[in-house]
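Numbers restart at 1 for each chain; the letters A, B, ... are given by sequence-line order, proteins then strands. Everything numeric in this text was worked out from a predicted model, so none of it was measured.
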Protein chains: 2
Amino acid sequence: MTENVRERTAAADEVRAEGRTVAALAGLLADATRAAFCLALLDGRAWTANELARHAGVAASTATAHLNTLTEGGLLAEERQGRHRYVRLAGPEAAELVEHLAALAPRQHTPAPRTLSATTRRSAMARARTCYDHLAGLLGVTITEAMAERGLLDWERGPALTPAGVDWLGALGITLPPGSKRPAVRPCLDFTERRPHLAGTVGAAICRHAFEAGWIVRIGTTRAVSLTPEGRQALASRLDLRHHAILAP
Amino acid sequence: MTENVRERTAAADEVRAEGRTVAALAGLLADATRAAFCLALLDGRAWTANELARHAGVAASTATAHLNTLTEGGLLAEERQGRHRYVRLAGPEAAELVEHLAALAPRQHTPAPRTLSATTRRSAMARARTCYDHLAGLLGVTITEAMAERGLLDWERGPALTPAGVDWLGALGITLPPGSKRPAVRPCLDFTERRPHLAGTVGAAICRHAFEAGWIVRIGTTRAVSLTPEGRQALASRLDLRHHAILAP
DNA sequence: TCGATACTTCGGCCGGCGTCGAAGTGTCCG
DNA sequence: CGGACACTTCGACGCCGGCCGAAGTATCGA
């Protein structure tokens, strides 16, 4: 009735409006199926609608509806090719949001896989995998920690690349893009290791280089990757790794 | 029927289980009221249930239910004092998640405030406010960019504190905690300025120091803060700011 | 001891959303 | 040209969850 009351409700409306935009974004990931889609897409590649449907165990029509929701919400980008609908995460920000949620979500019990293939699949993922555009798993944290030990990374005042780190990347043929808005170095909590691995433009560049130089290859169509003999050799020489677990076949 | 099919559905169950944990976390923020609560709590302080209820414009009983949900989900920590229920964000990780969502949520139209008090409230927030445990608004980005210009921060290879930055903090009586898991320096996208301001342990330390040294004081019970004459003086001398907008009364 | 205040519990209402299968459209390939 | 395949649209079903007000409990202050 009075100005006071009217003003109070106007303020509340404003508060709720802000809340609604955040809630809308969170709502995109507040469904088990949509979250499963995004976790799968965290491998950084494009999937077809059917692949995602089978992956998450839902009908194709259900997948269609969810993909519409996710793309309209701006979390996914899509590309149509013939009768296929390819979708991928819209960009690094979207991937970071999914990572963030996954890292904070309570650790699940994982009641010990019962089949042999499930066991090997899981151990391959824990050993080495991609996390959107950078490396994760034992491989990811090993590289990260080896870089820190060799003085290529500074975690105390950073995270940041040291001058030695810039040289080390240069020797691989990787140069830093100047004035990028995205942080060069960003910590990303590893699911399986529970220690941070390297993300940001540098993490992405190292991952890209590892693929291009044949250090790693994908295992089938999963997020898991396999370290090649060339990769072992390169890690051992470039990071002074000796008798490290990641070097075992 | 066959082992193949059984294995495939087992894998889908596993996928859905992972999806469900992420969805549960996202679901906490997928409601306009709960999101509004968390955005309010982003000021880093503890609010009572009633304050939040009035802030978001819902009944007290509704607020109770939401606070139960949020605390059980691990996003909020609560403290009971007599007949009051104080809640705050559970920690830096929770605050970062809320920040992340808020930064990525589509910019809202904000149809020009109609009342005088709404206008002044908004401009005070845009000028200087806290963002969980660090400074935001024009003040936050001004400090951040001035530090970068003076060579105290390195955005190219970092973000990271330079040796000069360590000295500068030392002159304020701030020392870096060694071997912290939390990054010393982290960029946090500013709502109003759309440029990053400084977060991480260093951002928090600077904010704490600004309060303790009387550089800033809170405006009422909002997130907004006001720069004191001592604060103006300190910024001008310590960061070489001359005729900068933030120094105007 | 009594009233005021802060929060909680309960019951009931209602809307929204995720799910599916069946039928429809578009694309590829033989 | 016709069959196979990928995706989409539609309708129906069911359930979950947010909202409120009223009544109940706990705490504070006089």
Side-chain angles (χ1 to χ4, degrees), chain A residues 9 12-13 15-17 19-20 22-38 40-41 46-73 75-88 221, chain B residues 9 12-13 15-17 19-38 41 46-73 75-88 221:
Chain A
T9 57
D13 284 350
V15 164
R16 292 191 65 80
R20 233 175 292 123
V22 169
L25 179 58
L28 296 178
L29 292 160
D31 173 83
T33 303
R34 284 196 296 270
F37 283 8
C38 291
L41 291 165
W47 292 50
T48 67
N50 242 336
E51 283 171 345
L52 286 171
R54 269 182 289 113
H55 179 72
V58 294
S61 56
T62 303
T64 291
H66 285 310
L67 293 180
N68 288 342
T69 303
L70 287 167
T71 50
E72 281 164 18
L75 227 44
L76 260 45
E78 67 179 18
E79 214 167 322
R80 310 260 176 165
Q81 276 180 26
R83 57 184 172 181
H84 292 281
R85 176 191 202 174
Y86 287 99
V87 293
R88 54 182 168 75
T221 59
Chain B
T9 57
D13 285 350
V15 164
R16 293 191 65 81
R20 234 174 291 125
T21 66
V22 169
L25 179 58
L28 296 178
L29 292 160
D31 173 84
T33 303
R34 283 196 297 269
F37 283 8
C38 291
L41 291 165
W47 292 49
T48 67
N50 242 336
E51 284 171 344
L52 286 171
R54 269 181 290 112
H55 179 72
V58 295
S61 56
T62 303
T64 292
H66 284 310
L67 293 180
N68 290 342
T69 304
L70 287 167
T71 50
E72 281 164 19
L75 227 45
L76 260 47
E78 67 179 18
E79 212 169 323
R80 310 262 177 164
Q81 277 180 26
R83 56 185 171 180
H84 293 282
R85 177 190 201 174
Y86 286 100
V87 292
R88 52 182 170 74
T221 59

Quiz prompt | Residues that A/E72 engages under side-chain contact (heavy atoms from CB on, under 4.5 Å), provided they are two or more places apart | solution = A/N68

Quiz item: If only side-chain N and O atoms of B/R54 are considered, is one of them under 4.0 Å from the OP1 or OP2 phosphate oxygen of C/dC7?
Solution: no

Quiz item: Under the salt bridge (charged side-chain N to carboxylate O under 4.0 Å, His left out) test, which residues partner B/E78, sequence neighbours left out?
Solution: B/R80, B/R85

Quiz prompt | the helix from C/dT1-D/dA30 to C/dG30-D/dC1: angle between end helix axes, five pairs per end, rounded to 10 degrees | solution = 30°

Exercise. Measure the SG-CG distance between A/C38 and A/L70 for me, rounded to the nearest 0.5 Å.
Key: 5.0 Å

Practice problem: Would you indicate, yes or no, if D/dT8 has its OP1 or OP2 atom less than 4.0 angstrom from a side-chain nitrogen or oxygen of A/R85? | Solution: yes

Strictly under 3.5 Å: I want the nitrogen or oxygen pairs between protein and nucleotides 26-30 of chain D, one per line.
from, atom 1, to, atom 2, distance (Å)
D/dT27, O2, B/R83, NH1, 3.3

Quiz item: Going 5' to 3' along nucleotides 9-22 of chain D, which nucleotides have protein heavy atoms under 4.0 Å from the base (write B), which only from the sugar-phosphate (write S), and which from neither (write -)?
Solution: B--------SSBBB

Exercise. Name all residues meeting the salt bridge (charged side-chain N to carboxylate O under 4.0 Å, His left out) criterion together with B/R88; count only those two or more places apart in sequence or in a different chain, and write none if there are none.
Key: none

Quiz item: Between A/W47 (CH2) and D/dA6 (P), how many Å, whole number?
Solution: 16 Å

Exercise. For A/A65, check side-chain contact (heavy atoms from CB on, under 4.5 Å) against everything at least two apart and list the hits.
Key: none

Self-check item: Results of side-chain contact (heavy atoms from CB on, under 4.5 Å) for B/A30 - residues two or more places apart only
Solution: A/A26, A/A30

Exercise. Could you list the residues that satisfy side-chain contact (heavy atoms from CB on, under 4.5 Å) with B/A59, not counting sequence neighbours?
Key: B/S61, B/T62

